[in-house]
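For reference, the structure discussed in these notes is given below.
So you know, we letter chains A, B, ... as the sequences are listed, proteins then strands, and number each from 1. Note that this is a predicted model, so its numbers are computed, not measured.
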Amino acid sequence: EPEVTQTPSHQVTQMGQEVILRCVPISNHLYFYWYRQILGQKVEFLVSFYNNEISEKSEIFDDQFSVERPDGSNFTLKIRSTKLEDSAMYFCASSRDRGDGYTFGSGTRLTVV
Amino acid sequence: GEDVEQSLFLSVREGDSSVINCTYTDSSSTYLYWYKQEPGAGLQLLTYIFSNMDMKQDQRLTVLLNKKDKHLSLRIADTQTGDSAIYFCAESMDAGNMLTFGGGTRLMVKP
């Protein structure tokens with residue numbers, strides 16, 4: 001069964017550093033998403049991406065965050081200057097059509113020290 | 001804003017039925033989803049229901065929707081130890097829109 005692949009599975013970074021979280025969505029999917037889950041809290045929406053542009057973003061997704069689809073396969077989330085409170089599990093997801101229900105990746109655990 | 005609530009924990013014996021409940025506040029929720037998360041894994045879509053439906057059955061899974069009370073439930077028949085996981089309820093107002101998740105219900109299945 002096709003999967004959404006996320007790398008790395010765990011990343012530790014120093015506060016103030018830039019990080020890039022990588023995702024390979026399912027190849028024929030058209031809609032891409034990032035969510036995050038801070039330990040002990042709910043899964044929260046960050047951003048959705050379609051047709052090479054952001055279609056929706058939450059209040060969390062401020063100027064520190066950016067997304068990119070640099071080629072036909074990767075979908076990346078960049079955090080420019082990480083803060084301690086950015087420590088969370090970050091999930092990438094994709095869907096073929098609106099309403100299909102997303103396929104999520106296994107997540108990247110980001111730890112900011 | 002939208003809110004989705006679930007109980008934190010459910011424990012059942014193997015072979016029994018499990019019922020996981022969820023309530024939501026947004027009456028314009030159109031799509032309601034159930035996801036399963038096993039340790040170290042991502043969120044696996046189990047099933048979803050449109051708001052114009054009352055019930056959906058898929059093998060051992062039955063989803064019931066009470067739109068008037070904004071209550072969603074997931075029933076797992078003949079629960080197995082492999083069903084032990086965290087189950088998340090989620091809603092969205094439109095297909096492809098952001099999902100609002102509940103906090104997850106940890107299901108423990110005792111042999």
message = Are there residues of residues 74-84 of chain A whose heavy atoms fall under 4.5 Å of chain B's heavy atoms? If so, which?
response = none

Donor-acceptor pair between Gln80(B) and Asp78(B) side chains, under 3.5 angstrom = yes

message = So that I know where these two stand, are Tyr35(B) and Phe88(B) an aromatic pair - ring centroids less than 6.0 Å apart?
response = no

ask   = Any link between Val4(B) and Ile38(A) through a network of hydrophobic side chains (Ile, Leu, Val, Met, Phe, Trp, Tyr) touching at under 4.5 Å?
value = no

request  = Can you see which heavy atom on Tyr33(B) is nearest to which on Leu99(B), and at what distance?
outcome  = CE1-CD2, 3.4 Å

inquiry  = On a heavy-atom basis, which atom in Leu65(B) and which in Tyr24(B) lie closest, and how many Å separate them?
reply    = CD1-OH, 3.5 Å

note = If one checks every heavy atom of Tyr35(A) against chain B at 4.5 Å, the contacting part turns out to be side chain

ask   = By a 4.5 Å heavy-atom criterion (distance strictly below it), what part of Gln44(B) contacts chain A: side chain, backbone, both, or neither?
value = neither

request  = Measure from the ring center of Phe50(B) to the ring center of Tyr31(B) and say whether it is less than 6.0 Å.
outcome  = yes

message = If I measure from the heavy atoms of chain B, does Glu3(A) come under 4.5 Å with its side chain, its backbone, both, or neither?
response = neither

ask   = Does Glu5(B) come within less than 4.0 Å of Lys42(A), counting only side-chain N to carboxylate O?
value = yes

